[in-house]
Amino acid sequence: MEHFAGAEKWVPDKGGLRGLQAALPDCRGCDLWEYADQVVPGDGPARARLMLVGEQPGDVEDKQGTVFVGPAGRLLDKALAAAGIDRADVYLTNAVKHFRFEERGKRRIHKTPAVSHIVACNPWLTRELAVVKPSLVVVLGSVAARALLGTGFKVTQHRGERVELPDGTAAVPTVHPSSVIRSEEYRRDFGLFVDDLRVAAELLG
Ligand code: URA
Ligand code: SF4
């Protein structure tokens, strides 16, 4: 496994969300900053009760510098609305803050972050959790699950269940919205995704 120094030394250990987001562009914790257009910080109210954690920015997010504004974001918006959750109330972020891709001609094709990237970037996520202190975290897909719940955790076995992060914060794992987009059984899988988000909405009360 490739080894990176990790984000630790760039993550401020004091201060709020603004300070954290201001420090992000300087991060050299792994190699991804070099190829991406820009870092994509988390977004949402500093006191959000609900935090959603995705994988990494996609092509559109990398160009715009905003989380979940591409196709996966649109799907997520639809599903949140169907579950009765207002996106404006949610803090949205990713396990990895820079876009990883492969170039194919003029296109940039998403490439799943390696475990070494997830580990390197984890100090940012840990700090976001400490600052926002959400009552509940929705874990979107296996990369976020690797970051928050560890290697052995299987999203497919526990989706829609209430689990706990190692620090005791309540969490609901589910699939990544991109997997719903790719699904051959879109209606079913969209419905299952909404069901998991409803579990989160109910737990929040
Ligand atoms: N997929 C993610 O996991 N996060 C984004 O911000 C966009 C797509
Ligand atoms: Fe730093 Fe994370 Fe970007 Fe790597 S992906 S450079 S650890 S912010």
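Heads up: numbering here begins at 1 and tracks the sequence. Read the numbers this way: they start at 1 and go in the same order the structure lists the ligands and their atoms.
Between F68 and ligand 1, an N or O atom pair is found at a separation short of 3.5 Å. Checking only distances, E55 does come within under 3.5 Å of ligand 1, N or O to N or O.
Between the W10 side chain and the D26 main chain, a donor and an acceptor come within less than 3.5 Å of each other. Counting only distance, with no hydrogens or angles, the side chain of D59 and the backbone of R108 share no donor-acceptor pair below 3.5 Å. Formation of a donor-acceptor pair under 3.5 Å by the H158 side chain with backbone atoms of V155 is not found in this model. Between the side chain of T169 and the main chain of L165, no donor-acceptor pair closer than 3.5 Å is present.
Looking only at side-chain heavy atoms (C-beta outward), L80 and L197 come within less than 4.5 Å of each other.
Results of the side-chain hydrogen bond (donor to acceptor under 3.5 Å, both in side chains) test with Q56 over E61, H98, H110, K97 single out H110 as the only residue that passes.
Residue contacts with ligand 2, taken as heavy atom pairs separated by less than 4.0 Å, do not involve W10 at all.
In terms of protein heavy-atom proximity, atom 2 (C) of ligand 1 is closest to Q56 O, 3.0 Å. In terms of protein heavy-atom proximity, atom 4 (N) of ligand 1 is nearest to N94 OD1, 2.7 Å.
Around atom 4 (Fe) of ligand 2, the protein contributes the following N, O or S atoms at distances under 2.8 Å: C30 SG.
Under a 4.0 Å criterion applied to the non-hydrogen atoms of H176, ligand 1 contributes the atoms 1 (N), 2 (C), 3 (O). Near G54, with a cut-off below 4.0 Å to any heavy atom, the atoms of ligand 1 are 3 (O).
With sequence neighbours excluded, no residue forms a side chain to side chain donor-acceptor pair (under 3.5 Å) with T112.
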Please walk me through it: do L24 and W124 pass side chain to side chain contact (heavy atoms under 4.5 Å, CB included)?
CA-CA 8 Å; L24 250 180; W124 290 112; 3.6 Å; yes
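In this structure, the separation between CG on L52 and CG on D43 is 12.0 Å, given to the nearest 0.5 Å.
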